[in-house]
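Each chain gets a letter, A, B and so on, in the order its sequence line appears, and its residues count up from 1. Please read all numbers here as calculations on a predicted model, not as lab measurements.
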2 protein chains.
Amino acid sequence: MERTGDVQSVSRALDLLTRLGSSEEGQRLSELARAAGLAVSTVHRLLTTMQQAGFVHFDPARSEWHVGREAFAVGAAYVQRRDFVAPAMVFLRRLRDESRETANLGILEDGQLVTLAQVESREITRAISPPGGRVAATCSAMGKALLATWTDEQIAMFCKQNGFRKLTPNSHRTLASLMADIRTIRKRGFAIDDEEHVAGLRCVAAVASSPQGDAICALSVSGLANRLSAARASPVAGRVVVAAREFAQKIGPR
Amino acid sequence: MERTGDVQSVSRALDLLTRLGSSEEGQRLSELARAAGLAVSTVHRLLTTMQQAGFVHFDPARSEWHVGREAFAVGAAYVQRRDFVAPAMVFLRRLRDESRETANLGILEDGQLVTLAQVESREITRAISPPGGRVAATCSAMGKALLATWTDEQIAMFCKQNGFRKLTPNSHRTLASLMADIRTIRKRGFAIDDEEHVAGLRCVAAVASSPQGDAICALSVSGLANRLSAARASPVAGRVVVAAREFAQKIGPR
DNA sequence: TTCTTCCTTTCCGTATGATGGAAAAAATAT
DNA sequence: ATATTTTTTCCATCATACGGAAAGGAAGAA
């Protein structure tokens, strides 16, 4: 534990919640305690407290703990606040059907790209960045597309503060290389993540802007690089650009 | 505070999270403290702790606190665990379009009906029971439809334990009246909530069952009673029954 | 400007309440 | 039936969460 002004029990409880949320299966008490490095009695007390509040749920039959109803209800508020998510779904679905790949919607929050919604490919794939997931903006097609709407000074400032995450050999690692990419993005109207986030994964993205010109969010299509080849990327990008423009028109005049 | 074995700070933190989740707007620190009945310094410490974990987010420009990204990510896990939610959406949408009313999907959890997904009517209406919301099973069409798949003994036991919530004058208040309703539901294959949950609201529901015959979830259509009249309820119910059956077939053979 | 007022953030001494070990109870395996 | 593992309860200790108070900011009025 660091010497922060944090409330220990709350940090621990949220850590448990996150662990429950990131594993598909339910978790047993003792596993959880071992994984979190806490005493079983402590974990038990924290879990039952969260159970009272409905944030976790205990399945007595299997004696497993799950994420609870209230966590879902609270989390839903995060998306409901962004009233563009619901109307975007139809465009994401169309992109998925046109490309047979996974379609995503994301925004920048605190310099990271957060995936807000996703319509998964029907082919076999696990979601790399599930809803709620986040990535360094410079390693993401949606992130770069949104950054490209900023001024050069803002981008430079941002990079100075956040640096560059080198998630793969292809990730940008200098401001110069990023800015060259940004200029291309501005010129052609869409961004490409060419295995810059995860090796083997390619992604094309375009932003949807309000009539006033403010970027609202980004739409993207992502897929395995050998399926979403460099050759296929361009036509798919065209689809993404069109979808983003139509979506922007739909939500523009409200 | 009661004399439970609860962890005070965690209960308080989750209470704050819930408050943030249930108000559309962001909340200021001092409002939150006043509403929760806690000292500002305490609330501030709890919020910054949750901020570290990404569960709440602070907007410095407006100095307002919001539900954070991680809460969304964890909540999403709740739905992802129920892998029938995504494939149900297309059926909910169809029901909405056929009926021009709101379509819902729900399950029973701990004896309460939890709404997991919803496709809202395009007419002006606010959702009475939003996703994540819960209702006493005996006051809900989906709840009664799911209860009807239980044995009479199980239902009697359930009612003995949970009693009857009398939310409106029409709510069931005796086992006899509920069981009469249950028998009708089993016979005709769908349930009706005739202003038993909220006055002025009618709802028709049917269950979707696995090939093994286990009830998985319920689908429903809900609307204002004067629009979803008694006369209209029957044909709409037919649609719901068909949608539930087709949905069950779709998810059955995986 | 300078003086309000209101709100946020930090600090600190106190005693509350969270902690983990251990024992009891329950479930599961042998 | 016995052994083993896991869950739940209890309790004495002291770490830590608490709230009052003061400092630090922001926004407006005079």
Worksheet entry | Distance in angstrom units between A/L46 CG and D/dT7 C1', rounded | 15 Å
Item to complete: Measure the distance from CG on A/L38 to P on D/dT7 and round it to the nearest whole Å.
Response: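 From A/L38 CG to D/dT7 P: 15 Å.
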Discussion item. Taking donor-acceptor contacts at under 3.5 Å, does the side chain of A/R45 reach the base of C/dG20?
Written reply: yes
Worksheet entry | Any donor-acceptor N/O pair under 3.5 Å between D/dG20 base and B/S41 side chain | yes
Worksheet item: Of B/V43 and A/S30, whose closest DNA chain D nucleotide lies nearer the 5' terminus?
Response: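 Taking each residue's closest nucleotide, the earlier one in sequence belongs to A/S30.
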Item to complete: Check whether any side-chain N or O of A/H44 sits under 4.0 Å from OP1 or OP2 of D/dT7, and answer yes or no.
Response: no
Discussion item. Using OP1 and OP2 only, check whether a side-chain N or O of A/R12 sits under 4.0 Å from C/dG20.
Written reply: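 The answer is yes; a side-chain N or O of A/R12 sits under 4.0 Å from OP1 or OP2.
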Practice prompt. Assign A/T42 to base, sugar-phosphate, or nothing according to its heavy-atom contacts below 4.0 angstrom with the strands shown.
Written response: base
Which nucleotide, [options], lies nearest any side-chain atom of [X]?
X	options	value
A/A39	D/dT8, C/dT19, C/dG20	C/dG20
A/Q8	C/dG20, D/dT6, D/dT16	D/dT16
B/S9	C/dG20, C/dT9, D/dA17	D/dA17

Worksheet item: Just checking, A/R245 and A/F247: is the charged tip under 6.0 Å from the six-membered ring centre and within 45° of the axis?
Response: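 That pair does not qualify as a cation-pi contact.
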Worksheet entry | Estimated bend of the helix from C/dT1-D/dA30 to C/dT30-D/dA1 (axis per five terminal pairs, rounded to 10 degrees) | 40°
